[in-house]
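We count residues from 1, following the sequence as given.
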Amino acid sequence: ADPRGAPTPRAKSVLGVWAELTKVRLNALVLVTTAVGFALAELGPIDWAQLGWTCAGTALAAASASLFNQLFERRRDALMLRTRGRPLPAKQVHPAAVFTAALLTGYAGAALIALMVGLLPAALAAINILLYALLYTPLKPRTTFNTLIGAVCGAIPPVIGWTAVTGSIDPGAWLLGGLLFVWQIPHFLALAWLYREDYARGGHAMLPVRDHGGEITAQVVVLTTLPLIPLGLSATRLGLAGHWSAVVSAIAGIGFCWLSFVFFKQRDDRSARR
């Protein structure tokens with residue numbers, strides 16, 4: 001291991017290489033949020049086959065976005081201690097193979113959803129790939145607003161799940177997408193604060209990299225955590241969830257806000273990690 005605690009390139013199995021390239025663990029959360037959107041939109045018994053097709057197509061689309069992201073960022077990844085051991089900067093796979101896989105999985109994911117589920121969720125899956133690969137990724141070294149685009153990408157999967165059932169983007173879909181959008185910003189800024197030196201090494205324009213004292217970062221964390229409380233309660237108001245959900249959501253939201261205030265006051269790695 002690197003003396004500074006950074007990962008070093010190591011031999012991986014073929015399966016391990018592609019699992020890392022497609023970000024299997026991270027994209028598992030994408031599938032969870034997709035399934036939640038599907039389940040909340042379904043008024044009757046869940047159509048498990050339809051849910052399976054939706055999740056399968058979304059998984060392929062998410063894999064495509066991850067492949068494009070790592071392909072386009074391979075040179076910057078090589079500069080960062082945290083990412084230099086990834087398959088592409090470590091030269092464990094050829095870029096052409098990754099590009100081909102990204103195209104195939106993206107096409108297969110959108111086509112599968114279009115054929116088996118519906119055109120609207122398929123369009124959302126395709127748009128998400130394009131946003132992640134052609135907007136979010138190129139903006140990372142250029143502007144701190146890249147985080148907002150990335151949050152949009154993370155907010156779309158539950159909307160895919162919702163539209164797979166209803167065929168339309170209803171208020172419930174907007175609420176689920178809004179919750180995911182807002183939640184990601186303080187979450188990601190806290191991570192960016194922890195790895196701010198590494199992001200600077202890679203040339204990424206993350207807010208904590210530009211905001212050396214962390215004051216603006218902490219303010220944004222607080223301001224984007226506070227809306228989670230009314231958004232969570234709105235799920236009960238719209239009839240998507242019951243009163244127990246409102247209680248748990250309020251407690252969790254207050255806890256999250258408290259931790260964001262602690263980070264605002266202290267602005268250190270320990271409070272950011274919490």
Side-chain angles (χ1 to χ4, degrees), residues 23-66 105-132 148-185 187 224 227-253 256:
K23 299 182 181 178
V24 169
R25 288 187 296 178
L26 178 63
N27 285 332
L29 178 60
V30 171
L31 297 186
V32 169
T33 59
T34 303
V36 168
F38 189 102
L40 288 177
E42 187 69 87
L43 298 178
I46 292 178
D47 185 336
W48 294 102
Q50 190 87 332
L51 175 59
W53 290 121
T54 303
C55 287
T58 304
L60 288 167
S64 174
S66 299
T105 52
Y107 179 81
L112 182 64
I113 296 175
L115 292 172
M116 305 302 297
V117 182
L119 292 179
L120 180 56
L124 288 172
I127 289 170
N128 214 16
I129 297 171
L130 296 175
L131 282 176
Y132 200 83
L148 297 180
I149 305 300
V152 170
C153 295
I156 290 178
V159 182
I160 294 175
W162 183 282
T163 57
V165 174
T166 65
S168 60
I169 303 179
D170 306 310
W174 286 107
L175 175 60
L176 290 174
L179 272 168
L180 262 293
F181 175 80
V182 173
W183 171 80
Q184 287 173 96
I185 298 172
H187 175 78
T224 52
L228 288 173
I229 297 175
L231 280 172
L233 295 176
S234 296
T236 299
R237 180 70 177 176
L238 287 177
L240 296 178
H243 295 296
W244 279 112
S245 175
V247 172
V248 174
S249 178
I251 294 172
F256 200 172

*Asks:* Start with the C-alpha distance between Trp183 and Leu179, add both sets of side-chain angles, then the distance that settles side-chain contact (heavy atoms from CB on, under 4.5 Å), and finish with yes or no.
*Replies:* CA-CA 6 Å; Trp183 171 80; Leu179 272 168; over 6 Å; no
*Asks:* For Ala110, enumerate each residue passing the side chain to side chain contact (heavy atoms under 4.5 Å, CB included) test, keeping only those at least two apart in sequence or located in another chain.
*Replies:*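 So Ala110 forms a side chain to side chain contact (heavy atoms under 4.5 Å, CB included) with Ala126.
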*Asks:* Using the side-chain contact (heavy atoms from CB on, under 4.5 Å) rule, take Leu176 and Val159 through it: C-alpha gap first, then chi angles, then the decisive distance, then the call.
*Replies:* CA-CA 7 Å; Leu176 290 174; Val159 182; 5.7 Å; no
*Asks:* Are any non-hydrogen side-chain atoms of Pro158 and Val36 less than 4.5 angstrom apart?
*Replies:*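 The answer is no, as the side chains (C-beta and beyond) never meet within the 4.5 Å cut-off.
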*Asks:* Counting only heavy atoms not in Leu119, do more than 12 sit closer than 6.0 Å to its CG atom?
*Replies:*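 Incorrect, the count does not exceed 12.
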*Asks:* How far apart are the closest heavy atoms of Leu233 and Ala250, and which atoms are they?
*Replies:*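 Shortest heavy-atom separation between Leu233 and Ala250 comes out as CD2-CB, 4.3 Å.
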*Asks:* By the definition side chain to side chain contact (heavy atoms under 4.5 Å, CB included), identify the one residue from Asn128, Val32, Thr54, Asn27 that meets it with Pro157.
*Replies:*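 Result for side chain to side chain contact (heavy atoms under 4.5 Å, CB included) with Pro157: Asn128.
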*Asks:* Tell me whether Ser168 contacts the main-chain N or O of Asp170 through its side chain, where contact means a donor paired with an acceptor under 3.5 Å.
*Replies:*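 Absent.
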*Asks:* If you define the side chain from C-beta out and look only at heavy atoms, does anything of Ile169 sit under 4.5 Å from Leu120?
*Replies:*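 SC-SC contact between Ile169 and Leu120 confirmed.
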*Asks:* Write down the atom of Gly232, the atom of Ser249, and the distance for their closest heavy-atom approach.
*Replies:*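 Gly232 and Ser249 have their closest heavy atoms at CA-OG, 3.2 Å.
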*Asks:* Spell out, as yes or no, whether a donor-acceptor pair under 3.5 Å connects the side chain of Ser64 to the backbone of Leu60.
*Replies:*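 Looks like no, no N/O pair under 3.5 Å.
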*Asks:* How many angstroms lie between OH in Tyr107 and CD1 in Ile129, if you round to the nearest 0.5 Å?
*Replies:*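 That separation rounds to 12.5 Å.
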*Asks:* Considering all heavy atoms of both residues, which atom of Leu175 and which atom of Leu231 are nearest to each other, and what is their separation?
*Replies:*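 Scanning both residues, the minimum pair turns out to be CD1-O, 3.5 Å.
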*Asks:* The criterion is side chain to side chain contact (heavy atoms under 4.5 Å, CB included); which residues satisfy it with Val165, sequence neighbours excluded?
*Replies:*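 For Val165, the residues satisfying side chain to side chain contact (heavy atoms under 4.5 Å, CB included) (neighbours in sequence not counted) are Phe38, Ala41, Glu42.
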*Asks:* Which value, rounded to the nearest 0.5 Å, describes the distance between Leu148 atom CG and Cys153 atom SG?
*Replies:*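 Rounded to the nearest 0.5 Å, the CG-SG separation comes out at 11.0 Å.
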*Asks:* Heavy-atom distance under 4.5 Å between the side chains of Trp53 and Ile113, does that happen here?
*Replies:*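 In short, these two side chains do not touch, never coming nearer than 4.5 Å.
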*Asks:* How long is the straight-line distance from SG of Cys55 back to CG of Leu31, given to the nearest 0.5 Å?
*Replies:*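 Result: 5.5 Å between the selected atoms.
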*Asks:* If you round to the nearest 0.5 Å, how far is OG1 of Thr166 from CG of Leu40?
*Replies:*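 It comes to 12.0 Å.
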*Asks:* Between Tyr132 and Ala65, which heavy-atom pair has the shortest distance, and what is it?
*Replies:*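 In this case the closest contact between Tyr132 and Ala65 is CD2-O, 3.5 Å.
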*Asks:* Show the nearest heavy-atom pair for residues Gly154 and Gln184, with the distance to one decimal.
*Replies:*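 Closest approach of Gly154 to Gln184, heavy atoms only: CA-OE1, 3.3 Å.
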*Asks:* Of all heavy-atom pairs between Ala56 and Leu112, which one has the smallest distance, and what is that distance?
*Replies:*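 Shortest heavy-atom separation between Ala56 and Leu112 comes out as CB-CD2, 3.9 Å.
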